[in-house]
Structure formats: C-alpha cells, structure tokens
Amino acid sequence: MQRLKFLATLILSSLFLFGQAQNNYSSGWVLLNSGDTIKGSILNKDWAANPKEIKFRKDNIVTYTTNDLKSFGINGESIYQRHSVKYHLIPNDESAKYATNEDLVDSTIVWLKILVSSTISLGENKTNNRLYYYSIKNNIAEELVYGKGIKSFTDQKFANDTRYGTNAVEENLTFRQQLFDLNNSAKGDISSVISTTEYTSPSLTATFNKLNKNEGQAFGKDANSLIIGVGAGLYSHSPSGGAGSYLQDATINSSVTPYIMFGYLMKSSKKSSKISFYLESAFSTMNTTGVQNSLAAGKVDLDIKNTFIELQLLTTYTFNPFDKTKFALGFGIDIMTKISGGNTASIVHSPTYTEVVPNVPIQNNVIASPVFTANVLNGRFTYFVNFQFSKNINRNLNETWPYSRITGGLAYKLKK
C-alpha cells in the first residue's frame, strides 16, 4: 500500500507542476485597421466589462486599444468586433430609478462580443452599469432596447393612467418589436419564439439562431457538459485476520482491471470560475487471486471476482481556468455497489481433494470510500488520475480487508 501511495503522490505532483507551467495567454488573432490579420496569443481574461484594450503576444507583447483593431478573437471561444454604438441611459434593475427623460441616448466605440455570427448577428456589451445587446446587420449595430426599473407616475401627463401618483416597476420591451421587424426579413416566421424571448444571452442567442435559420455560429456556450471515459484501476490489498480465519496471514495480489465512466460536470459559465461539481457513474471490476497457507486444513487459494457500479460525487478546483491546458484537483466520495460475481476459497486438502467454500472472504456489497482526483484538461480531452482507499471492505468481525486503488484514464467531453 505504501508503494501505491507513493505512486499516487508522484503522479499528482507531476500533474500539478505540468498545470502550473502554463500561462494565461490563449491562441488567437487580431485584425488591424489596415486589414492585415496577425495570429498569435491573447491575454485571456474573464472581463467584467467589454475590454478597452488587450495584450497580444507574437514576437513580443503589444497592447492594442479599440482604436487599433477592427476585431480580435480567441480561437474556438470568442470574437470581438469594433462598432460605434448608441445606448439608452435607462436601468436594467428593478430597484433602480428611471431618469426623468427616458429617451436620453449616449454613444461610444466598443468591441462588441459576438454571440451569434451570421447574416443577422448578435453582439453583447458589458458595461459597469448593465448589459446591452445589439443586432448587427450589414456591419451596423443597433441597440436592442430594454429597460427595467422604478418609474415615477407623478407627472401630470399620467393623470389618466391608473398608476398616477405612484411609483411602480416598469419594464421596457421595445427589443421584442425590433425582433419582430427583423423577423419580417428573416428566413422563416418565428413570431411565437420572439414573444417569449427574454433579454438574456441564452434566450437571445437561441432566437438569433432561429432568425438565421440556425445557420449562425453561436459562441454563447453552456459550461455544463457530459463526459465519457475509459481507464484502468490498480488495486492493492492488505488483508489480516484472527487465528483460524481465512484472511490470517493471507496475501491478495495486486491487480489491474478496466474502468468505464460516464460523468456530468456542473460549472459556472464564467471563465474565471475555479470551483465545479462533478457527478460520475462508472463500471469497474475487482478481479484477482490470493493465497493463505496457515490453516491446519491445508493451503487455501482465494479467487476474487466482483463487478461494481460506482457513483462518485466530487468538488473540483481548477488552478488555471484561462489556460488552454488546465489542471484541477478534486475530493469527494465513491460508492461501489456489487452487481455480480463473488469470492471463493479453495482448500487444498490433498492432491486429489479440494474443498470449495463460496462467499469467502466475506465482503460488503456496498463500499463507500473517499476519493482524490487530479485532472489535466486539454480541449475536450481530460486525463484523470484518482486515488481512493477504504478502511475495511470485509464484514466479518474477525477479519479486515483494506484496499487502495489508483485509477488513470482518458475522458472525452461531449456536446450537450
């Protein structure tokens, strides 16, 4: 067991050093005002607001501002385009107050984050105050107007309104009418979808995909994902038992057996998020042999053949969420439920007579043990190493059967 623990520590340490060796630059490109495209890497951040400048690395590090670039992108992740935009100075918070003049508009030049790229594109602008979304057609960005806040109905012009003399939460849904107008020039009628569209990234992304007849490239992704994987588990056993028991001075051999897993990763869509939760179901076996020579009855050959369905629940921490190759550690619990197989003890009384005793060594059908995991993630592939141990999987009071297992393998993240 000591050798197994040393091996687990060595692998975890190596994976940690490998993950820490990465940096926060991701491969990408920039489009200069001259029209030239340069490929390199971009300092990747989970920007709280749309960036006003970025750091780009090729031969050296260059800082670009919105005046310098028409657009830039991080490969496989996001695209930002420069646009001159207008935006209404109205709140998007039911606890905030509307300004007296709701038609006040300001303008700025910004890199819009492209959520859908197509004939009618969808752009997003995060400001320090609120989120704005834009339809982009023929390279012209138009604000999708939305507001929510406390509106005062004390002005005389509201004298005939039932809300006159009060303050009430008011929602401005102008953006839906704008979507209806876009729908008239789109490739199919999606009026029923527009009428329920919310002013959120997932809802607008789905609607713009339908406006473009699902021919757009969507960049707004759900962080949750399904995972499948295969690997192998290395078992180490340390049995012991009282005088006359089948595990007295017994040796159960180490073994390597297959491991097939299906997982579901629950993670925030924020790129900077380091904490995630992972639920995994797995199929595994514990197949090995052993021997016991101290019984007066004669030599005992142990045959261990068990098949398990496993359920793991883990909390994981990603050390470098911005890197292309990420390193994560996790901790949780693994519950193994035996679904078939069993153990037998074959007592060799003489060269011609062997007594076979079923269900020996006696073993619990449900085994719960803590599990530690280390993962290296590169794109859709995850290299995983798990280490787990159990104090005792034997239910006989006179015997103990501790085991350790280190499991390694490769997993693949599926599209949802």
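The chain is numbered in sequence order, starting from 1. Scope of the values below: all heavy atoms of this structure, side chains included, with no hydrogens, waters or symmetry mates.
- No close placement of the F283 and F308 rings is indicated, their centers lying 6.0 Å or farther apart.
- A donor-acceptor contact shorter than 3.5 Å links the side chain of N392 to the backbone of W401.
- One finds the OH atom of Y146 at 9.5 Å from the CD1 atom of I90 (value rounded to the nearest 0.5 Å).
- Here Q248 contributes atom CD and S240 contributes atom OG; the two are 10.0 Å apart, rounded to the nearest 0.5 Å.
- If you take CG on N167 and OH on Y98, they are separated by 13.0 Å, rounding to the nearest 0.5 Å.
- A distance below 6.0 Å separates the ring centres of W111 and F72.
- Looking only at distances, a side-chain donor or acceptor of N183 sits under 3.5 Å from a matching main-chain atom of I190.
- Under a 3.5 Å cut-off, the side chain of T288 and the backbone N or O of N253 do form a donor-acceptor pair.
- The existence of a salt bridge linking E310 and R405 is confirmed by a sub-4.0 Å separation between a basic side-chain nitrogen and an acidic carboxylate oxygen.
- In this structure, a donor-acceptor pair under 3.5 Å is present between the side chains of T197 and T207.
- Under the 4.0 Å criterion applied to side-chain N and carboxylate O atoms, K86 and E142 are not assigned as salt-bridge partners.
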Report task. Just do the side-chain contact (heavy atoms from CB on, under 4.5 Å) check on L414 and F262 with the steps written out, would you? Result -> CA-CA 11 Å; L414 298 170; F262 304 88; over 6 Å; no
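- Summarising the geometry, atom OG1 belonging to T307 is positioned 10.0 Å from atom CE belonging to M336; distances are rounded to the nearest 0.5 Å.
- No donor-acceptor distance shorter than 3.5 angstrom exists from the side chain of N138 to the backbone of I140, with no hydrogens or angles considered.
- With K113 contributing its side chain and N50 its backbone, the two residues share no donor-acceptor pair below 3.5 Å.
- A donor-acceptor pair under 3.5 Å links the side-chain atoms of N212 to the main chain of I120, judged by distance alone.
- Formation of a donor-acceptor pair under 3.5 Å by the S118 side chain with backbone atoms of S121 is not found in this model.
- Aromatic ring centroids of Y383 and F381 lie 6.0 Å or more apart.
- Under the 4.5 Å side-chain criterion, counting only non-hydrogen atoms from C-beta, S78 is not in contact with I114.
- Under a 4.0 Å N-O distance rule, the pair E102/K151 qualifies as a salt bridge.
- Side-chain contact between L144 and S135: present, with at least one pair of heavy atoms (C-beta onward) separated by less than 4.5 Å.
- Looking only at side-chain heavy atoms (C-beta outward), I136 and L122 stay at 4.5 Å or farther from each other.
- Residue Y133 forms a ring pair (Phe, Tyr, Trp, His ring centres under 6.0 Å) with just one option from Y87, F175, Y199, and that option is Y199.
- Looking at heavy atoms from C-beta onward, L329 lies out of side-chain contact with T316 at the 4.5 angstrom threshold.
- Using modelled atom types, no side-chain atom of E170 and backbone atom of K148 make a donor-acceptor pair closer than 3.5 Å.
- Ring geometry for F389 versus F372: interplanar angle under 30°, hence parallel rather than tilted (30 to 60°).
- Taking OH from Y412 and CD1 from I228, the interatomic distance works out to 8.5 Å, rounded to the nearest 0.5 Å.
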Report task. Take S276 and L265, measure what side-chain contact (heavy atoms from CB on, under 4.5 Å) needs, and give me the verdict at the end. Result -> CA-CA 7 Å; S276 58; L265 178 68; 3.8 Å; yes
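- In this structure, CG in L377 is found 3.5 Å from OG1 in T382, a value given to the nearest 0.5 Å.
- Side-chain atoms of T166 come within 3.5 Å of backbone atoms of R163 as a donor-acceptor pair (strictly under, hydrogens ignored).
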